[in-house]
Amino acid sequence: MITSRDNDTLKLVRKLLGQRKHRDESGLFAAEGEDLVEAAAAAGIEPVHLLVAGDTIDEPLLAGVSTLPHPARAIGVYRRADLPAGVRDTCLALWRLADPGNVGALIRTADAFGAAIALSGGCADPLSPKALRASVGAIFRVPLVGWEVAPGRRIALIAHGGDPLADVDLAPPVTFLLGAERAGLPDELLTTSHMASILLPGDAESLNVAAAGAIALYEASRRGRS
């Protein structure tokens, strides 16, 4: 039972929750909440450390390190190397998405459609507390692949001016490129990709990047079933 705030494991959890630098250097990350801990267990991923309020650690100490509005009753520490690997036939490639909530939401969407995720440099950390919460445990089921190995044809989703997504060949293997909502995708990616747009019958200028990714994966999945 951990009863001191100076405990080495508790210090590690603080660092992992607080700074990407420590996650990158150690190859570890901390997942807060019983739902994430249960998702890891269901995926067969064992924790390096498991802190459970009232069981392995005093409840006030665990509450003191939690970043959640309602403090977590369980926090697991995991190895990044234990996360899923391997390439899938459909992939979302995220270019410099700075919002960890969007990154986590797209990981969750990829899980729903059996896709993988590729992250460029400059993306938010998918193992940050906010991204992990937004993934709702999908991080333990979705492969994170290297940008250079994202499979098949590359379909760059742009707000306007691309071919209608409904008319584009989406046969797998295929990778959808998604850029940040303001900056979009750079010219060097656009010129080597097939540019597609989601036609919007309403008045909105564009879609949230997470919504665009969901629509693209749904469209690819729908065609695969028909």
Side-chain angles (χ1 to χ4, degrees), residues 39 42-45 80-100 102-127 131 134-181 183-200 206-226:
I45 298 175
R80 181 169 187 146
D82 289 340
L83 292 177
V87 178
R88 293 178 175 174
D89 282 345
T90 304
C91 181
L92 291 179
L94 314 184
W95 179 262
R96 297 187 179 277
L97 296 193
D99 183 345
N102 280 335
V103 170
L106 285 162
I107 293 171
R108 182 181 183 184
T109 299
D111 184 38
F113 291 101
I117 291 283
L119 301 168
S120 75
C123 267
D125 184 2
L127 304 180
S135 83
V136 196
I139 190 68
F140 297 110
R141 298 183 293 270
V142 173
L144 301 179
V145 304
W147 184 268
E148 68 286 350
V149 299
R153 296 177 67 226
R154 297 201 167 197
I155 309 297
L157 293 179
I158 59 176
H160 307 285
D163 292 334
L165 183 64
D167 297 337
V168 176
D169 179 9
L170 303 181
V174 64
T175 291
F176 295 101
L177 303 182
L178 294 163
E181 289 168 41
L185 294 164
D187 288 342
E188 60 265 28
L189 291 180
L190 294 177
T191 55
T192 58
S193 305
H194 189 123
M195 290 182 281
S197 298
I198 298 168
L199 300 185
L200 304 177
S206 62
L207 291 170
N208 169 274
V209 66
I215 290 171
L217 288 183
Y218 172 78
E219 180 67 12
S221 175
R222 181 188 66 79
R223 294 192 209 173
R225 295 194 304 271
S226 61

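Along the sequence shown, residues are numbered consecutively beginning with 1. Side chains included, hydrogens not; waters and symmetry mates left out as well; all remaining heavy atoms used.
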Can you find a pair of side-chain heavy atoms, one from [X] and one from [Y], that are under 4.5 Å apart?
X	Y	value
Val103	Asp125	no
Ile117	Pro126	no
Asp111	Phe140	no
Thr90	Phe176	yes
Leu94	Asn102	no

message = By the side-chain hydrogen bond (donor to acceptor under 3.5 Å, both in side chains) test, which pairs, at least two apart or in different chains, include something from residues 148-174?
response = Arg153-His194, His160-Glu205, Asp163-His194

inquiry  = Taking atom CZ as the centre, does Arg108 end up with more than 12 heavy-atom neighbours from other residues, nucleotides or ligands that are less than 6.0 angstrom away?
reply    = no

inquiry  = Check whether Ser193 reaches the backbone of Leu189 with its side chain - one donor and one acceptor, N or O, closer than 3.5 Å.
reply    = yes

To the nearest 0.5 Å, tell me how far [X] [atom1] sits from [Y] [atom2].
X	Y	atom1	atom2	answer
Ile139	Leu127	CD1	CG	5.0 Å
Leu185	Leu178	CG	CG	7.5 Å
Leu177	Thr192	CG	OG1	7.5 Å
Leu92	Leu217	CG	CG	4.0 Å
Glu219	Leu165	CD	CG	5.5 Å

Over all atoms of both residues, closest heavy-atom pair of [X] and [Y]:
X	Y	value
Pro151	Arg88	CG-O, 3.1 Å
Ile107	Ala138	O-CB, 3.7 Å
Ala156	Leu190	CB-CD2, 3.8 Å
Val174	Ile155	CG2-CG1, 3.6 Å
Gly179	Val209	O-CG2, 3.6 Å
Gly146	Ala118	O-CB, 4.2 Å

